[in-house]
Amino acid sequence: MLNLLLKIQQNKETIKKTKEALKEESNNNFMRKMKKEFEQEKAKYKIIDSKLKEVRQNIEQLDKRLNNLKKEMDLEEAKLYGNLKYDLKFINTLEKSIKLKEHEIKSLEEDSLNALYEEENSLKEREISGRKLVDIKDEFYNHKKIINEKIIKAKEDIKIAEDNILNCEKKVPKKLLDKFNELCSVKGTGAAKLSNGVCLGCRMKVSAITIDDIKNNKDIVYCDNCGRIIHYHDK
Ligand SMILES: [Zn+2]
């Protein structure tokens with residue numbers, strides 16, 4: 001009978017420890033940290049992405065300006081080398097204008113090339129950031145899966161322990177169980193084994209009178225130090 005009480009105690013301890021572990025899992029700092037990391041990377045990705053859009057708009061505008069300039073220059077060259085006769089002053093103006101445009105085209109082409117490099121770099125940066133986001137997401141969900149499995153296992157363990165307790169309680173006389181539960185609510189445990197005259201609940205030697213009570217098979221014997229049940233005689 002004492003063994004049944006000890007078994008109830010063990011299962012109660014298992015439930016307590018499992019519930020504590022569950023509580024710890026539910027306020028998991030690692031998950032929160034990963035979520036924060038993901039948000040930060042996402043913000044970084046957005047910045048890179050909008051920068052890339054800006055660079056691409058810039059390239060488009062540069063191309064438009066270049067095309068327009070080239071067209072204008074073509075027209076001026078057609079006038080200059082065409083068959084129509086112009087006065088020298090006008091020819092000088094045309095030549096100056098063409099030179100200016102040539103210069104501007106060269107500078108725009110340089111800008112355009114730099115913008116293309118910038119586009120390439122932004123693309124690479126965006127790809128790296130995108131991969132990082134996927135990695136963090138994968139890690140997050142893997143971790144979540146592991147935690148969920150732990151929670152399911154813990155709940156199963158608790159259910160088994162609760163069933164064990166119910167099964168044991170059925171076999172314990174009501175008077176003894178009530179006394180045991182009363183002790184449990186005060187001390188945490190209500191029964192203890194006796195080993196060489198020492199109560200394992202409080203690690204104290206019990207008195208000779210108590211030993212006599214056990215020898216005389218008194219129905220419930222308590223430790224005279226801590227009050228836990230150390231013997232029960234089933235009549
Ligand atoms: Zn004791």
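All values reported here derive from a predicted model rather than from experimental measurement. In this chain, residues are counted from 1 in sequence order. Just so you know, ligand 1 is whichever comes first in the structure, and atom 1 is the first atom listed for that ligand.
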Student: Check this for me: does any side-chain nitrogen of one of K159 and D163 sit under 4.0 Å from a carboxylate oxygen of the other?
Tutor: yes
Student: Ignoring hydrogens, what is the shortest heavy-atom contact between I211 and G197? Give both atom names and the distance.
Tutor: CD1-CA, 4.3 Å
Student: Given I229, which of V221, L6, L176 fulfils the side-chain contact (heavy atoms from CB on, under 4.5 Å) condition?
Tutor: L176
Student: What count do you get for protein N, O or S atoms closer to the Zn ion (ligand 1) than 2.8 Å?
Tutor: 4
Student: Distance alone, cut at 3.5 Å: any donor-acceptor contact between the side chains of K101 and S97?
Tutor: yes
Student: Between K175 and D219, does any side-chain N to carboxylate O distance fall below 4.0 Å?
Tutor: yes
Student: Minimum heavy-atom separation for S129 to Y45, with atom names?
Tutor: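 Looking at all heavy atoms of both residues, the closest pair is OG-CB, 3.5 Å.
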